[in-house]
> 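What follows is a single structure, and I will ask about it in a moment.
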Amino acid sequence: QRPTRNSPIFDALDALDDPTDDAAEDLLVEVVSAIWYGFDSPQHIDALIAERAARGDPFDIDKVKTTAANEFAKKRIAEAGWPPITDCDRLDRAFVRLQQQGICALHCAGDTQEEGLESVSRVLNDEVHSGLDHHGYCFYYSQDIDNALDNKGLLLAHGHVDRSEAPDDEHVAVAEAICEALRQEGLEVVWSGSTKRRIGLPQLWWQRRTPG
């Protein structure tokens, strides 16, 4: 799903010459998106491009690397004007707080809500061997970041780990704990109280600094 007009990702892609093939376009979308999402270092992006080239995908590797370098340069300029503590920093701190409370809080958990739930399941399965114990979960996925970059806020999925077996009040208790942790970090939270509705952060600005 291509980000919408107000997103810096869309602006970056719109400025490119039209790629000559689908493989090039798909990789450019993936690379530019990953840069603005902010989880991947330049070294990781270079490794991604090299991996696709080694796989034999048909694209101009020099063009993709140049595009990546230009986007990192634009992002560094943008980062210089960001506040010392961004909303993404606040979100990170809230997620750490939730982990300490036994709520599995995952960043960028796949590309769909179903993939996010699969990521939660993998963490819970690992707990059998690690000795950890989560009773709730919270996550967002890539399309949610696209919306946040488009100034539409961020939505968080949530629930009790015993999704179909836990009573409704236990699901509500998990959501309320998530809302409280987010508010304690200074984020505006909107939630209807329904377990069928995601938790909203309507004023969250997506400003995640490049690691490394």
Side-chain angles (χ1 to χ4, degrees), residues 1-16 27-49 64-65 67-100 103-113 115-116 119-120 123 137-158 178-179 181-190 198-212:
Q1 177 178 343
R2 203 171 152 103
T4 53
R5 172 60 62 179
N6 293 328
S7 169
I9 295 176
F10 187 98
D11 292 341
L13 295 172
D14 206 33
L16 297 173
L27 182 57
L28 285 169
V29 169
E30 185 175 354
V31 166
V32 174
S33 296
I35 290 169
W36 286 97
Y37 286 3
F39 293 102
D40 296 311
S41 67
Q43 294 77 15
H44 187 277
I45 296 296
D46 282 344
L48 169 65
I49 297 169
V64 174
K65 285 189 172 183
T67 298
N70 290 340
E71 285 308 304
F72 273 122
K74 291 178 189 176
K75 188 161 182 267
R76 281 192 292 272
I77 293 171
E79 288 175 356
W82 292 356
I85 299 176
T86 68
D87 285 346
C88 287
D89 295 327
R90 295 183 177 91
L91 184 66
D92 289 348
R93 295 194 308 214
F95 272 29
V96 169
R97 187 189 297 269
L98 290 170
Q99 293 281 7
Q100 294 169 346
I103 295 175
C104 175
L106 302 180
H107 295 280
C108 198
D111 295 324
T112 65
Q113 189 154 333
E115 289 183 7
S119 296
V120 170
V123 172
Y137 65 85
C138 173
F139 66 85
Y140 58 91
Y141 49 94
S142 64
Q143 292 181 40
D144 297 318
I145 303 176
D146 292 339
N147 286 332
L149 281 163
D150 203 17
N151 302 329
K152 295 177 181 177
L154 187 74
L155 291 175
L156 307 177
H158 56 89
I178 295 167
C179 291
L182 295 165
R183 290 190 181 105
Q184 288 185 11
E185 295 301 337
L187 294 168
E188 180 181 339
V189 180
V190 174
R198 293 201 284 169
I199 294 168
L201 301 173
Q203 300 300 319
L204 183 138
W205 286 85
W206 191 266
Q207 296 174 321
R208 182 172 292 279
R209 289 184 170 84
T210 302

> Checking Q99 side chain against A105 main chain: does a donor-acceptor pair fall under 3.5 Å?
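Indeed, once roles are kept as given, a pair shorter than 3.5 Å links the two residues.
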
> Could you state the interatomic distance from OG1 (T210) to NE2 (H44), rounded to the nearest 0.5 Å?
13.0 Å

> Could you tell me the separation between the CD atom of Q143 and the SG atom of C108, rounded to the nearest 0.5 Å?
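It comes to 10.5 Å.
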
> Where is the tightest heavy-atom contact between D111 and E115, given as atom of each residue plus distance?
N-OE1, 2.7 Å

> If we only count heavy atoms from C-beta on, is the V31 to T67 side-chain gap below 4.5 Å?
no

> Going from CG on L48 to CD on Q43, what distance comes out if it is rounded to the nearest 0.5 angstrom?
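Nearest 0.5 Å value for the CG-CD distance: 13.5 Å.
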
> Could you state the interatomic distance from CG (L28) to CD (E71), rounded to the nearest 0.5 Å?
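Here the interatomic distance stands at 10.0 Å.
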
> Parallel under 30°, tilted from 30 to 60°, perpendicular over 60°: which one fits the rings of Y137 and F139?
parallel

> So if I apply the side-chain contact (heavy atoms from CB on, under 4.5 Å) rule between L154 and each of L201, I199, N147, which one comes out positive?
L201

> Locate the shortest heavy-atom distance separating S41 from P211; write the atom from each residue and the value.
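Scanning both residues completely, I find the closest heavy atoms to be CB-O, 3.5 Å.
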
> Locate the shortest heavy-atom distance separating A109 from Y141; write the atom from each residue and the value.
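Here A109 and Y141 meet closest at O-CB, 3.7 Å.
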
> Between the side chains of E79 and K75, is the shortest nitrogen-to-carboxylate-oxygen separation below 4.0 Å, so that they form an ion pair?
yes

> Name the one of D87, D89, D92, L149 that satisfies side-chain contact (heavy atoms from CB on, under 4.5 Å) with R208?
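Only match with R208 under side-chain contact (heavy atoms from CB on, under 4.5 Å): D92.
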
> Taking the six-membered ring for Trp and the single ring otherwise, decide whether the centroids of Y140 and H107 are under 6.0 Å apart.
yes

> Looking at S142 and Y37, what are the two nearest heavy atoms and their distance?
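So the minimum-distance heavy-atom pair works out to O-OH, 3.4 Å.
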
> Roughly how far, to the nearest 0.5 Å, is the CD atom of Q203 from the CG atom of L187?
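Nearest 0.5 Å value for the CG-CD distance: 11.0 Å.
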
> I85 vs R90, test: side-chain contact (heavy atoms from CB on, under 4.5 Å). Steps then yes/no.
CA-CA 7 Å; I85 299 176; R90 295 183 177 91; 4.1 Å; yes

> Rounded to the nearest 0.5 Å, how far does CD1 of I145 lie from OG of S33?
9.5 Å

> Do you know the tightest heavy-atom contact between L155 and G200?
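Closest pair (atom of L155, atom of G200, distance): CD2-CA, 3.7 Å.
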
> Do W205 and T86 come close enough that some side-chain heavy atom pair is under 4.5 Å?
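Not touching, per the 4.5 Å side-chain cut-off.
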
> Considering non-hydrogen atoms only, spot the tightest contact between A181 and L98 and give its length.
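The answer is CB-CD2, 3.6 Å.
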
